[in-house]
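In what follows, chains carry the letters A, B, and so on, assigned in the order in which the sequence lines appear, proteins first and then strands, with residues in each chain numbered from 1.
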Amino acid sequence: MTGRLLAIAYNTFREAVRDRVLYNLILFAMLMVGASLLVGQISLEINRIVLINLGLTAISLFGIVIAILIGIGLVSKEIEKKTLYTVLAARPVRRWEFIAGKFAGLVMTLTVNALLMSVGFFAAVLYVSHGLGRVDLPLLTAIYFILLEFVLITALALLFSTFSTPIFSSIFAFAIFAVGTFSEDLRGFAQMATGMTRWVMSGAAYLVPNFAALNVISRVAHDAPVEPRLILLNTLYVVVYTGAVLTASVWIFERRNLK
Amino acid sequence: MIAIEIQGLEKSYKTGFFRNKLKQGLKPLTLTVTEGEVFGYLGPNGAGKTTTLKLLLGLVFPSGGSAKILGRDLGDIDVKRQIGFLPEQPYFYDHLTPLELLDYYARLSGVEPRDRKRQIEKSLSRVGLTDSGKTQLRKFSKGMLQRVGIAQAIVHDPKLVLLDEPMSGLDPVGRREVRDLVQELNEEGKTIFFSTHILSDAETLCDRVAVLNKGELKGVGVVADLLREVSGDVEVVWSGAQAIPVLSALGARCHATGDVVRAVLPERLLDTAVDALRRNQGRLTSVTPVRATLEDYFLARIGDENPKVVNA
Ligand SMILES: Nc1ncnc2c1ncn2[C@@H]1O[C@H](COP(=O)(O)OP(=O)(O)OP(=O)(O)O)[C@@H](O)[C@H]1O
Ligand SMILES: [Mg+2]
């Protein structure tokens, strides 16, 4: 079981790398170098705030875009191109193993990509702050949360990929990410309504993936600490939410005729 | 032992804009393939050959009926370790090389690590691709991809090999090589089930064939028996044009070249015809059976209403 799952994950990773996904790193590197040189003119604190905001936002957005662009094709492209025929038809591969392997492969790709970006990011922070210390630890938490974002959006893109075409899937995925970014505002709105509307709206607001809670970028940019409780809650939230989304993906995929 | 046992298996596809129309891709099919045989699955385009294979492999789900492969029910996934499959117009991960692709598939099929390298190299050499093992698949021609397809179908040394149009896209040399390979695999004890609309391939290779048209089974049997049943015409050549009217009356089609006459007639009329020739002073030169081909059978059967089973 794990052997097959890992083989599928590794193949997904290898495909992404050979399709030159990691080229985005060049763009990221240029951004970091440009930012560190440009902001070097103002005061130290401001430099740091701008650089951290810019760097972490870029790590997050680059990854989200890659996750969606690859994620929406994970299953549909394999059906479309019929590569699935030689994987699922005559090999002892369960359909859930295929889904899990694809998911793991893309998360692996995104993690490697984000870690490489983080190296560049810390180099830039080091350059601007003339040193790294305990005060920079929350940055690691922010990066961890960004990885959690990737896990969540990959699962969602994969879910769309099991039943929809890439174009619709990408629209769904970007929309749900955008809405999820404002999920805390949605919850606020829901509280203002009354009666039935309030219940329905709250329900909807809580179903939307909470990307807002995973974004602590501006907080850590101002050197505010991230409470351990939030780390725990976010981790639990992403595990449960992702589990549910992947279960739904498997449920749909197991019922599909692969024509 | 029975390799494939199909019981009333059928498939209706939902079609139309609202997916409200049903199209029968395969009408209830009952068919048995014995272990160790080369079985040809014949039918024109749209007959339901691919549909049958997809049903057997769990790619699409049947609308009715059941089937067993190597004694196990369709949902049983572990039996797939023993099955190899070549899809029609195979397409692969084109960022990989054949060696990487086969390694991936061997892992998925559960080939032991210590056997992996040997089996990968063996299957590549069997399809004549040893020299292209490290070229990315996106640089492969159609015929080469077809060969990769065959290699991946046998890389895990399966007992049962299902091939959907294995010769399509191959040049004459390639087709002969595939025919030889099928025979070789069969001699190793593997059961081969392959679909085709190229009749000559089936004729030279198969122990038995099934003929399918418009989703319906038209006949199953040993090739020689099927052929005997369609034709049995003989060609009779004699000299003596005076005998033409009598033989034409029997239903023979006569062509005269000077005094030499050539006629084709059904085998059962041969005795009567020879008697008639003698009585009319014709001098018999030769009698040759006209060999029926699977093509004759095929064309004869495609129109028929009821399936014909010969020694099935
Ligand atoms: N996904 C599908 N949706 C609707 N109809 C389908 C689908 N797949 C096959 N069919 C129909 O089922 C019938 C049988 O198709 P199938 O692909 O099994 O034929 P085939 O014998 O493999 O033909 P060919 O020699 O062209 O490969 C055809 O009439 C086809 O139109
Ligand atoms: Mg077909």
Hey, is [atom1] on [X] packed in by over 12 heavy atoms from elsewhere, all under 6.0 Å?
{"X": "A:I167", "atom1": "CD1", "result": "no"}
{"X": "B:F61", "atom1": "CZ", "result": "yes"}
{"X": "B:K27", "atom1": "NZ", "result": "yes"}
{"X": "A:F182", "atom1": "CZ", "result": "no"}
{"X": "A:R20", "atom1": "CZ", "result": "no"}
{"X": "A:M196", "atom1": "CE", "result": "no"}

OH on B:Y104 to CZ on A:R4, rounded to 0.5 Å: 11.5 Å
Can you find a pair of side-chain heavy atoms, one from [X] and one from [Y], that are under 4.5 Å apart?
{"X": "A:R18", "Y": "B:L96", "answer": "yes"}
{"X": "B:Y13", "Y": "A:N257", "answer": "no"}
{"X": "A:T86", "Y": "B:P87", "answer": "yes"}

side-chain contact (heavy atoms from CB on, under 4.5 Å) between A:V87 and B:Y93, worked out: CA-CA 11 Å; A:V87 174; B:Y93 301 96; 3.4 Å; yes
Steps toward side-chain hydrogen bond (donor to acceptor under 3.5 Å, both in side chains) verdict (A:Y85, B:K54): CA-CA 9 Å; A:Y85 285 12; B:K54 285 188 186 172; 3.0 Å; yes
Pairs of heavy atoms under 4.5 Å with chain B: top-ranked of A:R94, A:R255, A:R95: A:R94
For chain A, which candidate among [options] shows the most heavy-atom pairs at distances under 4.5 Å?
{"options": "B:Q136, B:Q82, B:R81", "answer": "B:R81"}
{"options": "B:L57, B:I77, B:L86", "answer": "B:I77"}
{"options": "B:F85, B:F92, B:Y91", "answer": "B:Y91"}

Considering all heavy atoms, the nearest B:S109-A:A90 contact: OG-O, 4.4 Å
Heavy-atom proximity to chain B below 4.5 Å, by part of A:R14: both
B:Q152 vs A:R91, side-chain contact (heavy atoms from CB on, under 4.5 Å): CA-CA, chis, key distance, verdict: CA-CA 11 Å; B:Q152 63 81 31; A:R91 322 246 169 236; 2.5 Å; yes
Qualifying residue, where the test is side chain to side chain contact (heavy atoms under 4.5 Å, CB included) with B:L108 and the options are A:L88, A:L5, A:V93: A:V93
Residues B:H95, A:E15; criterion side-chain contact (heavy atoms from CB on, under 4.5 Å); working and verdict: CA-CA 6 Å; B:H95 62 282; A:E15 182 171 9; 3.3 Å; yes
